[in-house]
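This report concerns only the one structure given below.
Computed from a prediction, not measured in an experiment: that's the story for all the values here. In what follows, every chain begins at residue 1, and chains take the letters A, B, ... in the order their sequences are listed.
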Number of protein chains: 2
Amino acid sequence: MSTPRSDPPPVPATQALDAPAARLRGRPRKALDARDDGNRRQLIIQSAARLFRAQGFDATSTRDIAAAADMRSGSPFYHFESKNALLHAVVEEGLQRAVARQQQVLQQLPLQAPPQERLAALVRHHFEILFGADGDFIPVMLYEWRSLTPPQRASIARIKADYEAPWMPVLQALHAAGALKADPALARMFIMGALNWSVQWYRPEGRLSLDALAAQALDLFIGPPT
Amino acid sequence: MSTPRSDPPPVPATQALDAPAARLRGRPRKALDARDDGNRRQLIIQSAARLFRAQGFDATSTRDIAAAADMRSGSPFYHFESKNALLHAVVEEGLQRAVARQQQVLQQLPLQAPPQERLAALVRHHFEILFGADGDFIPVMLYEWRSLTPPQRASIARIKADYEAPWMPVLQALHAAGALKADPALARMFIMGALNWSVQWYRPEGRLSLDALAAQALDLFIGPPT
DNA sequence: CCTACCGATCGGTAGG
DNA sequence: CCTACCGATCGGTAGG
């Protein structure tokens with residue numbers, strides 16, 4: 001009457017032995033598009049990001065992740081050394097994408113764009129990172145920073161600095177122009193905090209659009225556009 | 001050679017039986033000030049708050065808490081139904097204290113105090129809550145909201161509403177006076193987010209005082225005092 | 001990448 | 001409030 005100590009068997013548990021003649025009747029194969037690629041690793045990262053965001057790192061078991069990626073419980077460890085290494089991969093990948101996309105956004109601005117317009121683009125893009133299509137990665141970083149090991153944190157902090165760097169000259173220009181009343185370095189911390197905290201209360205499916213959200217944030221920090 | 005399955009024995013493990021004559025030579029008594037009060041429960045809450053903040057709710061075992069409160073592993077369950085009930089108690093107690101102290105702060109303001117001064121008091125007090133003497137409770141709420149059960153969240157949300165209520169008339173007055181450029185309801189979310197996020201980066205032992213921190217936040221949101 | 005499993009830890013409890 | 005323990009779960013691994 002005791003609970004089995006090992007993983008539950010796969011769906012069809014008819015023959016236990018892997019007799020050569022039974023090979024083709026074994027466990028159903030994965031869908032073709034999910035096999036033989038090198039993107040099993042990506043699938044794990046994607047699944048982990050979603051679960052880590054929804055439930056938290058500690059509350060997500062590696063078995064949950066394996067199931068979400070359509071694998072058996074031990075298989076994520078073929079791709080990742082540890083659960084922590086997987087968290088690191090999620091955060092690193094999300095942050096690298098964010099840096100790349102932010103650079104694109106900034107390059108698409110007119111060369112002479114005023115700092116107000118630059119800040120608007122940065123803020124709007126930041127909300128996109130938080131709530132857009134693959135918007136699980138950065139919230140995982142925001143929530144689970146504590147779960148990274150110190151060396152992992154150092155590794156992530158370097159990429160994070162790349163993300164934050166472009167904000168400073170913009171805030172300094174706004175401060176010099178009198179549009180920003182606080183010290184630019186502290187303003188950056190407060191502003192990013194205000195934006196990041198929105199993952200706690202903003203719901204993209206609600207009435208308020210991301211554009212309107214960004215406009216209100218800018219109103220608060222530097223007043224309405226002139 | 002296997003690890004013991006039960007808790008490690010108390011420091012002196014000489015006699016196993018509780019022979020009446022040996023009563024007075026048993027396990028050392030707790031310090032007098034920690035005994036016979038009804039405040040063992042408070043000690044557990046206090047210890048849990050500190051550990052939950054430092055390590056997170058999931059990463060803190062009830063054994064850690066028991067040890068920090070100078071008890072054996074099962075004893076917290078004499079005072080609390082479950083680990084979750086303990087988390088709820090921590091958050092509830094912290095929030096109730098915050099509401100009470102905030103009311104005091106507001107009552108000490110001059111009756112005719114302008115909204116700028118009122119917001120300054122609210123912001124300054126909020127930082128006090130986050131970084132002051134027993135500053136573990138509210139950060140636990142901010143970090144571990146997800147770990148509360150839905151009924152617990154509803155219970156806490158009611159007290160949270162009491163805490164947040166006094167902010168709205170102040171922000172509305174500032175908006176009407178032209179000092180606050182964003183919609184007051186959204187401004188409240190952004191402002192509290194900016195303040196709350198500071199637990200991620202501000203260190204009270206650093207160069208920046210809480211007063212200076214509050215002044216900078218006010219500069220950002222409504223400009224320098226006139 | 002799966003099978004079958006280990007060792008550790010954890011929340012919680014019966015009984016005193 | 002302690003003792004002694006249970007059942008479940010979890011991260012991770014050897015071997016194929």
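- Going from atom CG of B:Asp64 over to atom C1' of C:dC10 covers 10 Å, rounded to whole Å.
- For the pair B:Leu86 CG and C:dC10 C1', the interatomic distance rounds to 15 Å; values are reported in whole Å.
- Across the interface with DNA chain D, nearest-nucleotide mapping of A:Ser75 and A:Ala59 shows A:Ala59 to be the residue nearer the 5′ end.
- The interatomic distance linking B:Phe57 (CZ) with C:dC10 (C1') rounds to 12 Å, in whole Å.
- Ring planes of B:Phe127 and A:Phe190: tilted class, angle from 30 to 60°.
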Apply the test side-chain hydrogen bond (donor to acceptor under 3.5 Å, both in side chains) to residues B:Gln42 and B:Glu93: give CA-CA distance (whole Å), side-chain angles for both, the deciding distance (0.1 Å), then the verdict. CA-CA 10 Å; B:Gln42 276 304 313; B:Glu93 169 133 352; 3.3 Å; yes
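- As a whole-Å value, the separation of B:Phe77 CZ from C:dG11 C1' is 5 Å.
- Using the six-membered ring where Trp is involved, B:Phe221 and A:Phe221 have ring planes that are tilted, between 30° and 60° apart.
- Distance CE (B:Met71) to P (C:dG11): 16 Å, rounded to an integer number of Å.
- Residue pairs meeting the ring-ring contact (aromatic ring centres under 6.0 Å, His included) criterion with at least one partner in residues 80-107 of chain A, sequence neighbours excluded, do not occur; the list is empty.
- Between B:Ile65 atom CD1 and C:dG11 atom P there is a gap of 8 Å when expressed in whole angstrom units.
- Here D:dG11 is the nucleotide among C:dC2, D:dC5, D:dG11 with the atom lying nearest to any side-chain atom of A:Arg63.
- Here the C1' atom of nucleotide C:dG11 and the CG atom of B:Leu87 are 14 Å apart, to the nearest Å.
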For DNA chain C, the expected dot-bracket line (Watson-Crick or G-U under 3.5 Å, [ ] crossing, | inter-strand) is ||||||||||||||||
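- Rounded to whole Å, atom C1' of C:dT13 lies 15 Å from atom OH of B:Tyr78.
- Regarding contacts with the backbone of C:dT9, every side-chain N or O of B:Ser61 stays at 4.0 angstrom or more from both OP1 and OP2.
- Within the structure, every pair that satisfies the ring-ring contact (aromatic ring centres under 6.0 Å, His included) test and touches residues 47-78 of chain A, not counting sequence neighbours, is listed here: A:Phe52-A:Phe57.
- There is a side-chain donor-acceptor pair under 3.5 Å between B:Trp167 and B:Gln102.
- With distances taken from any side-chain atom of B:Ser82 to the nucleotides D:dC2, C:dG12, C:dC10, the minimum falls on C:dG12.
- Using a 30° and 60° split on the angle between ring planes, B:Trp197 and A:Trp197 fall in the perpendicular class, above 60°.
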